[in-house]
Amino acid sequence: MKKRLALALAFVVSVCLGRPGRVDGQAASKAAPTPSAADHHDRKPDDIFRLKPLSGNVYALYGRGGNVGFLVGPDAVLVIDSQFKEIAPGIVAQIKSVSDKPIKFLINTHHHGDHVGGNEVFKQFAMILAHDNVRTHMLASPVDIQRDYPAQLDAAKKAGNEEMAKFFAAQIEWAKTVKVEDIAAPVLTYDSEFRIHMGDETINVWHMPPAHTDGDSVVYFEKAKVLHMGDDLFNKVIPFIDVSAGGSARGYLAALDKVVARVPGDVTVIPGHGEVTDLAGLKSFRQYIADVVEAAQKAKTAGKTKEDFLKDVDLPAYKDYSGYKDRFKANAAAAYDEAR
Ligand SMILES: [Zn+2]
């Protein structure tokens with residue numbers, strides 16, 4: 001249990017910051033102790049952005065945290081994910097560099113702090129939309145943090161990890177003082193799917209089976225043939241499966257299959273983390289998840305204990321994926337727990 005927490009923790013702070021919906025990303029993002037290049041958590045505020053025009057006025061924007069996507073429509077701009085609070089003004093500036101249209105919509109793909117931290121900025125001018133569970137997780141975050149973080153603060157202090165200790169202390173302070181009504185949660189939430197129509201573009205928002213969390217959305221721009229996967233896709237990056245927020249290894253397979261069945265072969269794919277890719281990239285990630293699930297199932301069927309399985313399990317084909325050392329065993333543990 002302790003080990004699982006530690007693994008989850010390292011990742012939470014380095015990539016998927018913010019446990020349930022921490023919305024002030026400032027202290028958190030500064031504290032990121034083990035950033036990896038693919039996650040862009042380690043760049044200075046002034047050199048973090050990379051803008052990649054895709055088809056049909058859709059753009060991918062790499063910054064620090066979950067990759068942003070946006071569409072410039074005839075009258076307005078729609079944005080997907082907001083990274084961190086202190087990064088959000090930079091995101092807005094990047095958008096303004098290609099369009100002076102007002103930013104009217106922000107879709108959150110899920111509740112993690114590296115995807116919703118900038119909501120506080122965006123809520124001043126945009127309507128924030130997400131799956132029902134995103135709002136639920138975000139509103140619950142002060143309680144969750146006050147329950148879970150004091151022990152982790154102690155552990156960080158004991159381990160002499162000053163940065164982590166500072167991060168947890170700041171989170172606890174925030175959780176104690178924030179008013180639930182001030183949390184920049186989505187104001188329009190949905191259950192299974194919805195569409196937004198902007199000019200000749202149709203933006204499809206689909207809820208996924210529980211995968212990264214239980215509140216995952218993917219966004220598909222029908223005319224541009226661009227798909228934003230949120231954290232249901234980590235491209236050449238080992239994912240985090242947030243079991244505590246309803247995530248599931250098997251669910252990842254179901255989610256990926258659902259998406260693959262609904263998009264064309266020449267789709268362009270923006271992952272939550274890693275570089276923009278295509279259908280082949282999506283399928284490689286599915287193969288990774290399938291391999292983890294299969295290894296866990298084999299071990300369980302053979303009567304191996306979880307401990308023995310985790311000691312031995314190794315998938316060398318994915319060793320060059322960012323985060324293999326930090327998160328692979330946690331993925332395997334999640335898959336073992338779900339094996340029948
Ligand atoms: Zn995430």
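In each ligand, atom 1 is the first atom listed, and ligand 1 is the first ligand listed. Computed from a predicted model, the values in this text were never measured in an experiment.
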task = Please collect all salt bridge (Lys or Arg N to Asp or Glu O under 4.0 Å) contacts where either partner lies in residues 200-218, sequence neighbours excluded, each pair once.
result = Asp200-Lys223

key: Atom name of the N, O or S atom in His212 that lies nearest to the Zn ion (ligand 1)   = NE2

request  = Looking at Asp231, pick out the N, O or S atom nearest to the Zn ion (ligand 1) and give its name.
outcome  = OD2

key: Nearest to the Zn ion (ligand 1) - the N/O/S atom of His112, by atom name   = ND1

key: Flag, side chain of His131 to backbone of Thr189, donor-acceptor distance under 3.5 Å   = no

inquiry  = Please give me the minimum heavy-atom distance between Asp231 and Thr109, naming the atom from each residue.
reply    = N-OG1, 4.5 Å

ask   = Going by heavy atoms in the side chains, are Glu86 and Arg64 under 4.5 Å from each other?
value = yes

